[in-house]
Each structure stands twice: as C-alpha cells, then as structure tokens.
S.K.: 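Okay, handing you the structure first.
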Amino acid sequence: MPLIADDVLDRARETVSRHLVPTPLLPFPAAGLDVPVFLKYEGAQPTGSFKVRGGVAALTAYAADGTPVVTASAGNHALGIAHASRLLGAKSTVVVPEDGSPAKISALRTYPVDLVLAAGGYDGAEAQALELAAGGMKFVSAYNDPHVIAGQSTLVREVAGTLGEDFTIVVPTGAGGLLAGTALGARRAKPDVRVLGVESAACHAVSAAVAAGHVVTVPVGETIADGLVGNLEAGTITPDIVREAGVALVDVDEAAIRRSVREFALSAGLVAEGSSAAALAALRAGHVPLDRPIVLVVSGRNIAAGLLATILTEG
C-alpha cells in the first residue's frame, strides 16, 4: 500500500491550484552549461517559500471540523500554515526557534496566529508543539504529514506541465517533505523526471535514515541554510518514500551554499535564502548529471537583509 494515496495527491493538486498561482520557471543561461538549466522560483509564493503549498493542502484537509492546529517550524512552514489559516479562517499556533531567522519571525508577526518562540533550536520547537498537541490541538508536521507532503508534490507537476520533456529536478532537502513530495509527484508526471536531493553538510537526517532503514539521530551543525537542519521525529515517512523512489542524495558545504546565494543574486537577480541555494551549489559541485535539462528548485527567499548584504560582499 502506498504511504500516501493517489486521491490525497489529487486533492492537494486541486486545492493548491485553486488557492495559489503557479510560480515561474525561469531560464538560467548564466549556468554556462551545454544543457538548459531552469530555476523554479518559489520565492514568488505569497509567503516567499514553497512551504505554503503544504500548508494550504493540510489546513484544507484538517480545518473543516474547526479543530485548532499547531506546528513547529524553522520559519517557512510556519508561514505556510499562517497564510493558509488566514485564507481558510482556521485557528493556528506556530512554534519556532527563538534564535530562528529574524526575517521569518518578523513576517510571522503580521499573521493572525499564536506565535510561540521556543528554546533549543528546531528540536526544542517541535517538542513544545507536540506538548501543545497533546492538549487537544492537531499537530501538522512540516514534513511528516501526508497532506503537507501531497501539497509539496504539486511543485514538480507544475514543472512537468511547462517543460514537456525529460528533466532532472534538484531539490534542497532538510527533513524531506519537499523531496518526498517531488518523488511522489514525479512518479505520476509525464515526461520522465529524475529527482536528486541535496542536503547541507551540517545535517544528514534524511540520508542517514535512508541508509539505516529507520530514523536515527544525527549531529546538527551551524549553517545559514536553517531550513535544511534538524532531526526527524520517530516514524517519519519521508525517508521511506525517498528510499522506495530510489532518489539519490548528495550534500554541499557551507562555503558552496554562501557562494550560490551570491550567484543567484548577481547572475539571476533573485533573492534566495541559504536553503534555496543548495540546489545550485550541488550543480556547481558537479553532483548533477548533465544528460538532460536541469531544474533547480529555489525553495524560498526569506533571508535576513543583513546576512544577504554580507554574502554579497564576499569574494
């Protein structure tokens, strides 16, 4: 039996297409390669990140009975839930790390949600959100929720509908929600789609779980790609989806991520947060086969202005 049923994927696609405008697929001639390279720019989403896809799909599924929801997030998933809450009139609580991205926390304060800042990084935020869920709220995981993953699957379906030829899609990977959704969406897309996941070298949560056959605790290092770090909760389904789909995973280091943030800004005129830059970093590192068109998922633009300014001045 599939981990996420086809009817859940179909409902998510209908829901997302009803509430969100497809994001642009932009040519990236600055890649300077013999194969075409395109950028799927999720920074154009109303929250500045792909996470709103999963937020809209999940709250449409869960909010019908009026049950309040709670989530934990490094920031972008919280923004997706917050935006969906405003669209659907749902009551939500979002828990984010107190040392999280200032840009994302500032944006969250503009939404009608209960915002909780938690100590202990992402793991601490998730633990606090689960405590709230135990008191009667519905916990909506940023990555371990079938409706969230189904919402993320809509991204690759948009790309396939536009390109109309075989391609490789390169996906920044933290806990695997977007990667798992892309693998599921690619399975049903025409033409043929090859999926490649890219982790930060600061955290190998998904690749470690795929290799071990179960969730394992991994070290989490410092990185500007805050959306790509954090351990997985027990029973997370994303590694199983990735494993069954035969998706390959690679990693990129911090210097490569920072260079790619700068390249996006200077060569493509796009603001990209650290997590978004992982796909370009993988391409520049030679991790992406050059045998067909390539789509780099630029997953979000929510980077603090000061950090972006610093990166732009680096050599």
Side-chain angles (χ1 to χ4, degrees), residues 3 49-51 54 71-78 95-101 104 118-131 139-146 148-149 152 170-183 195-258 260-261 273-279 281-282 285 287 297 299-300:
L3 291 170
S49 162
F50 78 94
K51 293 278 191 176
T71 195
S73 168
N76 280 334
H77 173 66
V95 187
V96 300
E98 62 185 5
D99 59 352
S101 163
K104 295 170 187 176
Y122 176 80
D123 293 346
E126 185 170 70
Q128 189 162 345
L130 289 170
E131 288 180 10
F139 180 67
V140 181
S141 171
Y143 56 89
N144 193 26
D145 182 284
V148 169
I149 294 170
Q152 318 310 19
V170 188
V171 183
T173 303
L178 178 58
L179 185 63
T182 301
V195 182
L196 178 69
V198 186
E199 293 178 308
S200 164
C203 182
H204 297 98
V206 171
S207 59
V210 169
H214 56 84
V215 171
V216 295
T217 300
V218 299
V220 177
E222 293 293 325
T223 176
I224 63 167
D226 57 290
L228 302 187
V229 295
N231 274 288
L232 308 180
E233 66 175 333
T236 297
I237 62 176
T238 54
D240 290 338
I241 295 172
V242 171
R243 184 187 306 108
E244 290 179 8
V247 173
L249 284 142
V250 300
D251 71 3
V252 292
D253 64 26
E254 191 68 4
I257 290 172
R258 296 177 78 95
S260 295
V261 169
E273 61 190 78
S275 301
S276 293
H287 293 318
V297 177
S299 54

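Computation of the quantities below employed the complete heavy-atom set of this structure, encompassing side-chain atoms and omitting hydrogens, waters and symmetry-equivalent molecules.
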S.K.: With no hydrogens and no angle check, is any side-chain donor or acceptor of Ser276 less than 3.5 Å from a backbone partner on Gly300?
M.R.: yes
S.K.: So Ile237 and Asn144, do their side chains get closer than 4.5 Å, heavy atoms only?
M.R.: yes
S.K.: Under a 3.5 Å distance rule, please check whether Asp145 uses its side chain to pair with a backbone N or O of Val140 as donor and acceptor.
M.R.: no
S.K.: List the atom of Gly177, the atom of Ile149, and the distance in Å for their closest heavy-atom pair.
M.R.: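 Looking at all heavy atoms of both residues, the closest pair is O-CG2, 4.1 Å.
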S.K.: For Leu249, which of Leu179, Val198, Val195 qualifies under side chain to side chain contact (heavy atoms under 4.5 Å, CB included)?
M.R.: Leu179
S.K.: For a quick test of reading the model, state the closest non-hydrogen atom pair linking Ala281 to Ala256 and the distance between them.
M.R.: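 Heavy atoms of Ala281 and Ala256 come nearest at CB-O, 3.7 Å.
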S.K.: How far does SG of Cys203 sit from CG of Asn231, to the nearest 0.5 angstrom?
M.R.: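 Reported to 0.5 Å precision, the distance equals 6.0 Å.
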S.K.: Restricting to non-hydrogen atoms, name the atom on Asp226 and the atom on Lys104 that form the minimum distance, rounded to 0.1 Å.
M.R.: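 It is OD2-NZ, 2.9 Å.
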S.K.: Look at the side chain of Tyr143 and the backbone N and O of Glu233, then say whether any donor-acceptor pair between them is shorter than 3.5 Å.
M.R.: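 It does hold such a pair.
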S.K.: Is there a donor-acceptor pair closer than 3.5 Å between any side-chain N or O of Arg243 and the backbone N or O of Ala209?
M.R.: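 Side chain of Arg243 to backbone of Ala209, a donor-acceptor pair under 3.5 Å: yes, one is there.
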S.K.: Do you know which two heavy atoms are closest between Gly197 and Thr173, and how far apart they sit?
M.R.: CA-OG1, 3.5 Å
S.K.: So, Glu199 versus Ser207: side-chain donor-acceptor pair below 3.5 Å or not?
M.R.: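 The criterion, which ignores hydrogens and geometry beyond distance, is satisfied for Ser207 and Glu199.
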S.K.: May I ask you to decide if Leu232's main-chain N or O and Thr236's side chain share a donor-acceptor pair within less than 3.5 Å?
M.R.: no
S.K.: Are Val297 and Pro172 side-chain neighbours, meaning at least one heavy-atom pair lies under 4.5 Å?
M.R.: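 Yes, close enough: below the 4.5 Å cut-off.
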S.K.: Val250 and Ala282: which non-hydrogen atoms are nearest, and at how many Å?
M.R.: CG2-CB, 4.3 Å
S.K.: Would you say the side chains of Asn76 and Glu273 form a donor-acceptor pair under 3.5 Å?
M.R.: yes
S.K.: How long is the gap from OG1 on Thr71 to CZ on Phe139, to the nearest 0.5 Å?
M.R.: 5.0 Å
S.K.: For Ala205 and Gly174, which heavy atoms make the closest approach, and how far apart are they?
M.R.: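 The pair with the smallest heavy-atom distance is CB-O, 4.4 Å.
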S.K.: Between CG of Leu178 and NE2 of His77, what distance do you get to the nearest 0.5 Å?
M.R.: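 Rounded to the nearest 0.5 Å, the CG-NE2 separation comes to 13.5 Å.
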S.K.: Any chance you could measure Ile257, atom CD1, to Asp251, atom CG, to the nearest 0.5 Å?
M.R.: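 So the gap between those two atoms works out to 9.0 Å.
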S.K.: Hey, is the main chain of Gly176 close enough, under 3.5 Å, to the side chain of Thr238 for a donor-acceptor pair?
M.R.: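 It does not hold such a pair.
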S.K.: Run the side chain to side chain contact (heavy atoms under 4.5 Å, CB included) check on Val171 and Leu196 step by step: do they pass?
M.R.: CA-CA 6 Å; Val171 183; Leu196 178 69; over 6 Å; no
S.K.: Is Glu126 reaching over with its side chain to a backbone N or O of Ala72, donor-acceptor style, under 3.5 angstrom?
M.R.: no
S.K.: Could you tell me whether the side chains of Ser275 and Ser299 share a donor-acceptor contact shorter than 3.5 Å?
M.R.: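 The answer is no; no qualifying pair exists.
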